[in-house]
Amino acid sequence: MRRYFARKLLTYFLTFFVAVTLDWGIPRLMPGDPIAGLLAKFQLQPSSYAALHSSYTKAFNLGEPLWRQYLDFWWALLHGSLGTSIYAYPDPVTTVIEHAVVFTLALLLPATILSYLAGNKVGAIAARRKVLDNTVLPFSYMLTATPYQWLALLLAFVLAGVAHVFPISGGFSYALVPTLSWAFLWSLLAHWFLPFATLFLVGFGGWAIGMRNLIIYELDADYAHFLESLGAPRRLVRKYAYKNARLPQLTGLALSLGTIVGGAVVTEIVFNYPGIGWLVLQAISSEDYFLLQGIFLFIIVGVLLANFVVDVVYLLVDPRTRIGLQGGTR
Amino acid sequence: MSTDTTTSTDTTTAPRHELVYFALRNRKLVIGLSIVGFLAIVAIVAPLFARSNPNAFVGPPMQPPSSSYLLGTTYFGQDVYSQLVNGLRQSFLVGVMGGGIAFVVATAVGFTAGYRGGAVDEVLNMLTNVLLVIPTLALLIIIGGYLKGTSIVFEAVFVGATAWPWAARAIRAQTLSLASRDFVGLARLSGVRSWRIVVGEVAPNMSSYLFLTFILLFGNAILISASYDFLGFGPPNGVSLGNMMNLAFAWNALQLHVWWWFVPPGIAIMAIVGGLYVTNVGLDEVFNPKLRSVS
């Protein structure tokens, strides 16, 4: 178990290191003068161009030798500084991101966890009933093949644009002042529902298919046949199959975290939901590179933490990893 | 990957005609292949017969679908049908190229790590696991800020360079288990070169698995590039399914109720990717005799 965690943590630290290096290196690796590239998109007077160019050079620390720039980047990062946002000038990038993270987490956590649980349950039930299998399966395939942004557009159009059941954009009604009142909470909930539903539905399809297929595999395994020949009730065999099928599903959850985050980004954009994804669009349109760099690191750290949580859950679910047998140490 | 080796295998013992027999009887495979095949033909043929350039302004703006504009027109008066069939072609191109590049990288890394073992395996495995955790879209965000005018080739290379890790890990695991089999040991004893063992002995024995992996990478590449274009990182003036959704959203198709602008590209992507997934499951059942009774 200690070995299992040591390996995992090593991977995560390495990933963080690589991510920070990429974050630092990509602007410097880009062909040509990165700052000229950034400034070319504004239309500036020559004098203000020169001023802006020198201030950017200073902000990116480009005057120093490369090794120095790299160390300074880490130094600033470890002190919690990611630079100043241009989009929300003069707020520091960390503050801007902190405001948005709350919204993203409120979407991602329930959507991921609930779709995972519901998908697994429904998939397991579908594996045992032919009628259900024939309806749930095609539906699930359609859901899992749907691009997040399209389902978001569709839901926004049908339920908000045409039917006016839900608000079409934003995180809360701009007519309200954020306070702890029922009206405000209700507004939050109403704006939250459609983006949540988008993330939930796409995720649900994938988990249902995965669990359904795994259970059918497991029911064909030797232990299942053996149990059956001993005269064990079918319910018991199914229960064991389900327990075994949970493990690859958990691995799948860790693998798909990146896709889920990507889905949240485009979904938030469609609904103008003021989370990280929406911030990405604002940062792109206002050429706020420090903000993009900061968002990248925030996403990486979030995905790493989520991976760690999945590892711990894996440990709780799979007894083999606990007593040091092979299994979890893939 | 045809070789003259006659090693007995798990998955391909069935003679050719038997595979074909089961393939034609498998409903999932037939449905999936028909959808993907039909769309592929549309993607190849339809742009040749589309009446207009996809970006040309052919008529009044925001016309609903009618006999003169099959799928209506955009906010700018471009023909949605013409954009759709051209976008479909782009999606297939990015899917094949991006999926293909990812497949090549994944097999190279997977075979090397699984067959060589030792320090090489440790290093490649660590690299795979690190890249596995970094979300593609996040990486795109920091690269995209600097890109001025990307091309579909760049898009395919980007997708290919980031989508391979899970496949490499799966191929490595398969290679590991095959590399310890007797027939591989025999080949090694008789002095066959490593790469010939991998190509001649290991790969053919997991050819069905490799094929399934490619199909999934193909589908993923299409989905990733759709998000990519939706964020506006696609080729400028490019016509792609993701770009159609991007423009429809940016020009308030939701508020203006121009649903025919963003509904068709989404259905097209869903049909291709869903068709590929269903084909994948159907093929799995054909290749693996154990699963046949289930369907």
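Residue numbers start from 1 in every chain, and the chains themselves are labelled A, B, ... in the order their sequence lines are given, proteins ahead of strands.
Across A:A145, A:G161, A:A19, the residue that shares the most heavy-atom pairs under 4.5 angstrom with chain B is A:A145. Your options are B:G274, B:A138, B:A248, and the one with the most heavy-atom pairs under 4.5 Å with chain A is B:A138. Counting heavy-atom pairs closer than 4.5 Å to chain B, the top residue among A:S169, A:G262, A:P147 is A:P147. Interface summary for chain B: among A:T146, A:V265, A:V270, A:L154, the most heavy-atom pairs under 4.5 angstrom belong to A:V270. The most heavy-atom pairs under 4.5 Å with chain A, out of B:G275, B:A271, B:G266, come from B:G266.
Closest of all the heavy-atom pairs between B:I142 and A:Y289 is O-OH, 2.6 Å. Of all heavy-atom pairs between B:K28 and A:R212, the closest is NZ-NH2, 4.2 Å.
For A:D23, the parts sitting under 4.5 Å from any heavy atom of chain B are the backbone and the side chain alike. Of the two parts of A:V280, only the side chain, counted from C-beta on, holds a non-hydrogen atom closer than 4.5 Å to a non-hydrogen atom of chain B. Contacts between B:I272 and chain A at a heavy-atom distance below 4.5 Å are absent for every atom of the residue. B:L139 touches chain A through backbone and side chain together, each having a heavy atom under 4.5 Å away. The parts of B:S227 that come within reach of chain A are both its backbone and its side chain, each placing non-hydrogen atoms under 4.5 angstrom from that chain. For a residue to count as touching a neighbouring chain, one of its non-hydrogen atoms must lie under 4.5 Å from one of that chain's; by this rule B:I134 touches chain A with backbone and side chain alike. Only the side chain of A:L137 comes within contact range of chain B, with at least one heavy atom under 4.5 Å from a heavy atom of that chain.
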| Intermediate values then yes/no, side chain to side chain contact (heavy atoms under 4.5 Å, CB included), B:W259 and A:V162 | CA-CA 11 Å; B:W259 54 268; A:V162 178; over 6 Å; no
| request: Please step through side chain to side chain contact (heavy atoms under 4.5 Å, CB included) for the pair A:L143 and B:M270, ending with a clear verdict. | output: CA-CA 8 Å; A:L143 282 180; B:M270 196 172 84; over 6 Å; no
| said: Assess the residue pair A:I284 and B:F233 against the criterion (side chain to side chain contact (heavy atoms under 4.5 Å, CB included)); give the C-alpha distance rounded to whole Å, side-chain angles, the decisive distance to 0.1 Å, and a yes or no. | reply: CA-CA 10 Å; A:I284 291 171; B:F233 290 134; 3.3 Å; yes
| task | Start with the C-alpha gap between B:Y277 and A:I209, add the side-chain angles, then the distance that decides, and say whether side chain to side chain contact (heavy atoms under 4.5 Å, CB included) holds. | result | CA-CA 11 Å; B:Y277 286 171; A:I209 294 168; 5.9 Å; no
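Expressed to the nearest 0.5 Å, how far CE of B:M245 lies from CG of A:L153 amounts to 7.5 Å. A:Q149 CD to B:D229 CG: the interatomic distance, rounded to the nearest 0.5 Å, is 9.5 Å. To the nearest 0.5 angstrom, A:T11 atom OG1 is 5.5 Å from B:N129 atom CG. For the atom pair A:R7 CZ and B:E122 CD, the distance stands at 5.0 Å (nearest 0.5 Å). Atom-to-atom distance recorded for B:L137:CG and A:I299:CD1 is 7.5 Å, nearest 0.5 angstrom. To the nearest 0.5 angstrom, A:L22 atom CG is 7.5 Å from B:I143 atom CD1.
Taking a 6.0 Å sphere around CZ of A:F5, one finds it holds more than 12 heavy atoms contributed by other residues, nucleotides or ligands.
B:V263 is listed as a side-chain neighbour of A:W150, based on a closest heavy-atom distance under 4.5 Å. In this structure the side chain of B:P135 reaches within 4.5 angstrom of the side chain of A:I300, judged on heavy atoms.
In this structure, the ring of A:F157 has its center less than 6.0 angstrom from the ring center of B:F262.
The backbone N or O of B:V130 lies less than 3.5 Å from no partner atom in the side chain of A:Y12, so there is not a single donor-acceptor pair.
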